[in-house]
Amino acid sequence: MSQLSLFLVVLLALVIPIFMARFRVNNVPTAVAEIIVGIIMGTSGFNLISSTHDLTFLSNLGVILLMFLSGMEIDFELLSRKNNQKTRSQAGKMVDPLTTALFAFVGIAITSCVLAYILKVIGLFSEVPLAAIIFMTVALGVVIATLKEKDILGRPIGQTILLTAVLGEVIPLLLLTIYASVHGGDATRLWLIILLFVAAIFLLWRFQQPYLWFVKVTKATTQLDIRLAFFLIFALVTVAETVGAENILGAFLAGTVMKLLEPSEATKDKLTSIGYGFFIPIFFIMTGARLNLRSVFAHPEALMLLPILVIFLLLAKAPVVGVFMRKFDHRNAFAGGFLTATTITIVLPTLQVARRLKVISTTQSDVFILAAVVVCIVSPIIFNSSFKLRPEDRIKQRVIMIGANTFTMPVVHDLHDKWYSVKMFTSDAERYNTFNNRADLTLIDKLDQENLEKAGGFEGDIFVAAMRNDQENIRLGELARKEGVKRVIIRLNHTDAEVIHKLVNEDIEVFNFTNVRSSLMRALIESPAVYHVMTDTKNVLYSVVVRNTTYTGRPLRDWNFVDQMTVSRIRRDGKWISPNGATVIEPGDEVIFSGEFEIADRIRKILGKE
């Protein structure tokens, strides 16, 4: 029976996503589907799956990997004030995603405490802190998957929902650790949890340089990056258990450490494949298999608790709708509130801890899980049916252009307005009067750090210093790099190998007129077709990093739109590849291709979609 249970769980882990893809079940998260099938095949249904020693071990490893991968999902750039700049929403209001998310989560926390207390007053559940922690949790993995599918992860409302979900996973996790320490009789050791964070910082500090070396020397038979990831997991899980914290907190911190080491897309894909390809589905299926709904239905008080928990899980996120409505379209704010109501990934380990501490009965735990499953089914469906992306809500690459002249103005006009939002700055009043009506141009007294900061001169994704004075361009480029702008490009009119080498080492990109002119002339002589592609006004030459896994692991000839594009080069691991129909595209490949404007736009969007 033990071997049969293991076989059935592995079989179901394979069949469930195939079934969902075949019958286009897109509105229900895979994790929820796995729990539902586990309920059917486990104690509550046909009783074909039992909780064996092997399955318990694999399930426990699954929840640890789930928390590790959740830690890897946190985008620390969004949490940085410098990179968390205000953007304009489709409602025409300025949005600071981090501030909006903080207000939303504070509302969630207050409402959750009130609802937990109400549960105690009406006599349905007496453990107020535990109920409050459960009510305020948000399923970060489900939220990220839904936002990616809607292609709004990088837009103002997507960023805000994501940050709300991050807070809804991190804060309850910390509160759960404190709660478990207090109820486990280890309150006096609570301060030792600081050692867990110290260990995480130490591991990050010690492995930053070795990790870069690991990436260079790793081979298919060693996979040093993956070995390092599992070392981080078990190191911090061991420290967590030693100091009296929960192992899931250690796993989560291991994920954040791995994220800060900036792993390659290939490493992320391998870790995701290991987790979601095997261990995590076992955890979700076994969660459903262990649920005893017969016991739930046999207790009238449990049946009474179920609908109330479902309503309370939804009501706990009501403040999100109120906060979002002040910044976003009311319909999308309503949809965003429902999406943050998804709560399953932290609820399951929370209840696992609560059962171990014996502060909740098995029946009550099953009711909480069932309520979370119901909400996790309903919420994404409501979000997907309610959310409607407005054209005005699209986040574009923000380009800051310094210098208004006959070189920069055509560039600004030719940049595709679907992908780029350009803001120009000049200190020349005459040029301002000449070009002001042709672009978003700002006149400032002096192009120094203070004036540029006040005017938002560093609030962009790409900073271009393109004045006629090389020294000024270099000074501004170095200033932008110091201010943390992601990409810095400067125009140089004269060639100086030593200067260019210095700038490249500072991660500043150089546009050099001499090199560009000679390159174009060489292209016209050697490859006229390439020259015409670059200067064609009807077609466009694009570069895109392939993140859409639907198109990776497949040869170019199998892409359904390959006949509508011309692939020129592929950059992989810093090296250029000459493509052909049999070239297999890997995640993270940078594809240089050309095509008609509308078709190329669509292809770029499809390939870059995560």
Side-chain angles (χ1 to χ4, degrees), residues 56-74 76 79 130 133-134 137-141 166-208 210-211 225-261 263 267-268 271-272 274-276 278-280 282-284 287 344-357:
T56 299
F57 171 76
L58 293 173
S59 177
N60 291 338
L61 192 53
V63 71
I64 287 173
L65 281 172
L66 176 64
M67 299 312 302
F68 172 79
L69 292 173
S70 294
M72 282 191 66
E73 292 286 4
I74 294 180
F76 290 94
L79 296 175
L130 180 62
I133 290 171
I134 291 174
T137 59
V138 182
L140 179 60
V166 168
L167 293 170
E169 181 151 291
V170 175
I171 303 300
L173 193 56
L174 293 173
L175 293 176
L176 175 63
T177 300
I178 296 171
Y179 173 83
S181 297
V182 172
H183 279 266
D186 295 327
T188 55
R189 300 179 61 194
L190 196 56
W191 66 272
L192 290 175
I193 295 175
I194 297 173
L195 295 178
L196 177 60
F197 290 90
V198 171
I201 294 169
F202 174 78
L203 288 171
L204 175 63
W205 172 58
R206 291 299 300 169
F207 280 98
Q208 276 183 326
Y211 179 73
D225 51 348
I226 306 303
R227 297 189 189 195
L228 172 63
F230 276 92
F231 168 76
L232 291 174
I233 292 171
F234 287 103
L236 289 176
V237 164
T238 302
V239 174
E241 291 184 341
T242 302
V243 301
E246 291 303 314
N247 56 17
I248 55 175
L249 177 59
F252 185 84
L253 286 176
T256 61
V257 170
M258 193 68 190
K259 174 73 173 183
L260 290 169
L261 289 174
T267 299
K268 293 177 187 176
L271 289 169
T272 301
I274 293 170
Y276 286 100
F278 184 70
F279 293 102
I280 295 173
I282 292 176
F283 167 65
F284 284 125
T287 297
I344 194 75
T345 48
I346 296 294
V347 168
L348 297 179
T350 299
L351 292 171
Q352 205 172 52
V353 171
R355 288 194 300 271
R356 178 172 57 79
L357 296 174

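In this text, all values refer to a predicted model and were calculated from it rather than measured experimentally.
- With values rounded to the nearest 0.5 angstrom, Ile274 atom CD1 is found 4.5 Å from Phe230 atom CZ.
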For side-chain contact (heavy atoms from CB on, under 4.5 Å), just list the numbers for Thr267 and Met258, CA-CA rounded to whole Å, side-chain angles, deciding distance to a tenth of an Å, and then say yes or no. CA-CA 10 Å; Thr267 299; Met258 193 68 190; 3.9 Å; yes

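- Partners of Phe278 by ring-ring contact (aromatic ring centres under 6.0 Å, His included), not counting sequence neighbours: none found.
- With sequence neighbours left out, the side chain to side chain contact (heavy atoms under 4.5 Å, CB included) criterion links Thr56 to Ser51, Asn60, Arg290.
- Here the closest non-hydrogen pair linking Lys268 and Met72 is CG-CE, 3.9 Å.
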Let me see the working for Leu66 and Tyr276 under side-chain contact (heavy atoms from CB on, under 4.5 Å), right down to the final yes or no. CA-CA 8 Å; Leu66 176 64; Tyr276 286 100; 3.6 Å; yes

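- The nearest pair of heavy atoms linking Ala251 to Ile64 is CB-O, 3.4 Å.
- Atom-to-atom distance recorded for Ser59:OG and Phe284:CZ is 10.0 Å, nearest 0.5 angstrom.
- The two residues Leu236 and Gly250 make their nearest non-hydrogen contact at CB-O, 3.4 Å.
- Of all heavy-atom pairs spanning Val347 and Ile134, the tightest one is CG2-CG2, 3.9 Å.
- Atom CD1 of residue Ile282 and atom OG1 of residue Thr287 lie 11.5 Å apart, to the nearest 0.5 angstrom.
- Once rounded to the nearest 0.5 Å, the distance linking OG1 of Thr137 with CG of Leu167 reads 13.0 Å.
- Annotation: the span from Thr350 atom OG1 to Arg355 atom CZ amounts to 10.5 Å, rounded to 0.5 Å.
- Phe252 and Val170 get closest at one heavy-atom pair: CZ-CG2, 3.4 Å.
- For Leu175, the side chain to side chain contact (heavy atoms under 4.5 Å, CB included) test picks out Ile133, Met136, Ile171, with sequence neighbours left out.
- Closest of all the heavy-atom pairs between Glu169 and Val138 is OE1-O, 3.8 Å.
- The CG atom of Leu65 lies 6.0 Å from the CG atom of Leu69; values are rounded to the nearest 0.5 Å.
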